[in-house]
Engineer: 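A single structure is presented below for examination.
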Amino acid sequence: LELSLRSYLDLVMANNTDIAIERLTVDVAQNAITRAFALFDPLATASFSSSEQRTPSGNQLTGASTLVQLTQPANFTYSQLLPTGLQYQATFFAEKLSTNSGYYNYNPNINASLAFTLSQPLLKNRGSFINRIPIMMASSRYRKSEYDLKTSLLQLVSAAENAYWDAVLARENLRVAESARDLANQALKRAQRELELGALSPLDIYNPEQQYATSRIGVSQAQYFLKETEDALRRQIGADLDKQVRTLPIVLTETVSPEVEAPPIDAEKEVRTALVTRPEVKSALQDLDIDDLGIRQAGNELRPDLEFVGGYTTQGLGGIYYPSSISPGVLPAPAAVPGGFGDALGQLFGFGYPMYSVGLTLRLPIRNHLASADMADAMVSKKRDSLN
């Protein structure tokens, strides 16, 4: 497994699971923006039911000895909140009533109505800015998560690069330890030869033997340290996850030879550049933006709630019409006039039976501990982030 520093870092970015996990945090923040738009999602509901009821008659006003009624109501509603705070609702209602009572002019009796209602906040929750604060906060948190991701990537890549140079260091340390062992071995052989020729005291042989044994221990320790750093290197590129790759020997192509001398560093200039470009500084500034939005949101909750409410309803009636005789006792009775749901819709959209309503609703909390505490927390949060 031959790795230059550049190819190694490419593998780190592609396979390191810690980096993959950090990238997912941005997706969560992006999903939060979509979730914030849910406040303005339109909602459509529909319902239909059918029920039959048989009731014993207790008086003649029911129109039948046993009153039988079949009721079939249907309801369709569409509602939505607009960014300005205006909430509107359109409701279409239709009901079919079939009965055996003789006192109904329309049987089956079909009622239809179309109603429009709206409410517009005049103080609290008024305006697009206030109502879009959750979206703006989610967008700010998304930008903050991007800066935090860059910060994490810088730290992870820095740790990965250090792991590479740790392995290079371990490799060079092993070479030094092997050279020291070889030198100690040559010194021991020379001492043994001198001992054989009588040029060395028998007690003096222990010192070169001890040095050779120590150098062998140093080689073993350097081999273990190299293996340990190579395993860390494999984890950085995900090679430990593949049993056919994790056992491959690693060859690092970078050397520790000194490069061309770099020019002197202007520390003040580098600090100014860092304050402009470092992602953790941008993330901290983004916290202040979120705090400002939180203060505006908390201030909105302290306002009294005054709403303008308006409504308009139009109605229609249809079905088979049974006219009553103008002169009782005159026979035969007038013939039934056929009709149905179309008649009810015709009256409905003819707008001949309208109903209007307007009003104001005021909700004035005498004391709002919750909103006051939220405002205090928002101010504390901004002070803390400013100090950070």
Side-chain angles (χ1 to χ4, degrees), residues 40-55 57 59-64 66-122 126 305-363:
F40 307 114
D41 288 344
L43 176 64
T45 59
S47 64
F48 172 79
S49 64
S50 180
S51 61
E52 182 177 335
Q53 182 179 5
R54 295 177 179 266
T55 308
S57 177
N59 55 69
Q60 294 182 351
L61 297 179
T62 57
T66 300
L67 183 62
V68 180
Q69 289 184 323
L70 176 64
T71 306
Q72 295 175 310
N75 189 75
F76 303 91
T77 303
Y78 183 91
S79 61
Q80 186 178 14
L81 174 67
L82 300 181
T84 58
L86 175 67
Q87 186 170 8
Y88 69 90
Q89 179 174 297
T91 303
F92 174 77
F93 176 78
E95 182 181 52
K96 179 180 179 182
L97 172 64
S98 301
T99 180
N100 64 343
S101 174
Y103 292 111
Y104 278 80
N105 290 67
Y106 289 88
N107 195 4
N109 186 307
I110 301 176
N111 285 288
S113 65
L114 181 63
F116 299 94
T117 60
L118 58 89
S119 64
Q120 172 62 55
L122 302 179
R126 180 178 67 87
D305 191 2
L306 178 63
E307 286 186 346
F308 169 79
V309 181
Y312 173 81
T313 304
T314 178
Q315 305 176 69
L317 178 64
I320 301 176
Y321 178 63
Y322 294 92
S324 300
S325 175
I326 300 176
S327 302
V330 178
L331 297 176
V337 180
F341 188 58
D343 298 323
L345 291 180
Q347 293 183 11
L348 177 71
F349 292 104
F351 304 102
Y353 304 96
M355 181 179 69
Y356 307 91
S357 65
V358 293
L360 292 173
T361 302
L362 175 63
R363 286 180 287 271

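Just so you know, these numbers use all the heavy atoms, side chains as well, and skip hydrogens, waters and symmetry mates. Fair warning: this is a prediction, and the values are worked out from it, not measured in the lab. Position 1 is the first residue of the sequence; numbering continues from there.
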Engineer: Do L360 and F308 come close enough that some side-chain heavy atom pair is under 4.5 Å?
Structural biologist: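 When only atoms from C-beta onward are counted, F308 and L360 do touch, with a gap below 4.5 Å.
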
Engineer: Rounded at 0.5 Å granularity, tell me how far CG in L67 sits from OG in S101.
Structural biologist: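 One finds 6.0 Å between CG of L67 and OG of S101.
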
Engineer: Locate the shortest heavy-atom distance separating S119 from P121; write the atom from each residue and the value.
Structural biologist: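 Taking S119 first and P121 second, the nearest heavy atoms are O-CD, 4.0 Å.
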
Engineer: Below 30° counts as parallel, above 60° as perpendicular, anything between as tilted: where do the rings of Y312 and Y356 land?
Structural biologist: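 Tilted: the ring planes of Y312 and Y356 meet at 30° to 60°.
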
Engineer: For L317, is there any backbone N or O sitting under 3.5 Å from a side-chain donor or acceptor partner on Q347?
Structural biologist: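 Answer holds: yes.
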
Engineer: Give the intermediate values and the outcome of side chain to side chain contact (heavy atoms under 4.5 Å, CB included) for residues T313 and Y353.
Structural biologist: CA-CA 8 Å; T313 304; Y353 304 96; over 6 Å; no

Engineer: Under the side chain to side chain contact (heavy atoms under 4.5 Å, CB included) test, which residues partner T117, sequence neighbours left out?
Structural biologist: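 Side chain to side chain contact (heavy atoms under 4.5 Å, CB included) check on T117 returns Q89.
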
Engineer: Identify the heavy atoms of E307 and D305 that sit nearest to each other, and give their distance.
Structural biologist: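 Closest pair (atom of E307, atom of D305, distance): CG-OD1, 3.7 Å.
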
Engineer: Count the heavy atoms of every other residue, nucleotide or ligand shown that sit under 6.0 Å from CZ of R363, and state whether that count exceeds 12.
Structural biologist: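 Buried by this count: over 12 neighbours within 6.0 Å.
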
Engineer: For T66, is there any backbone N or O sitting under 3.5 Å from a side-chain donor or acceptor partner on N100?
Structural biologist: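 Yes; judged by distance alone, with no hydrogens or angles, the pair exists.
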
Engineer: Please name all residues satisfying side chain to side chain contact (heavy atoms under 4.5 Å, CB included) with Y78, sequence neighbours left out, ordered by chain then number.
Structural biologist: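 Residues passing side chain to side chain contact (heavy atoms under 4.5 Å, CB included) with Y78: P42, A44, Q80, Y88.
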
Engineer: Roughly how far apart are Q87 CD and Q120 CD, rounded to 0.5 Å?
Structural biologist: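 Rounded to the nearest 0.5 Å, the CD-CD separation comes out at 10.5 Å.
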
Engineer: For a quick check under 3.5 Å, do N111 and S113 share a side-chain donor-acceptor pair by atom type?
Structural biologist: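 Their side chains do not contain a donor-acceptor pair, so the 3.5 Å distance test is not met.
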
Engineer: Would you say the side-chain atoms of N107 pair up with the backbone N or O of T99, donor to acceptor, closer than 3.5 Å?
Structural biologist: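 Confirmed, N107 side chain pairs with T99 backbone.
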
Engineer: Between T71 and Q53, does the side chain to side chain contact (heavy atoms under 4.5 Å, CB included) criterion hold? Intermediate values first, please.
Structural biologist: CA-CA 8 Å; T71 306; Q53 182 179 5; over 6 Å; no

Engineer: What's the shortest heavy-atom distance between P108 and S98, and which atoms?
Structural biologist: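 In terms of heavy atoms, the two residues are closest at CB-OG, 3.4 Å.
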
Engineer: Compare every heavy atom of G319 with every heavy atom of Y106, then report the nearest pair and how far apart it is.
Structural biologist: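 Smallest heavy-atom distance, with atoms named: CD2-O, 3.7 Å.
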
Engineer: With rounding to the nearest 0.5 angstrom, report the CG to CG distance, L306 to L122.
Structural biologist: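 One finds 4.5 Å between CG of L306 and CG of L122.
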
Engineer: If I take atom CG from residue L348 and atom CZ from residue F341, how far apart are they, to the nearest 0.5 angstrom?
Structural biologist: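 Spacing of CG (L348) from CZ (F341) equals 8.0 Å.
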
Engineer: Nearest heavy-atom pair of A46 and F76: which atoms, and what distance?
Structural biologist: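 A46 and F76 have their closest heavy atoms at CB-CD2, 3.5 Å.
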
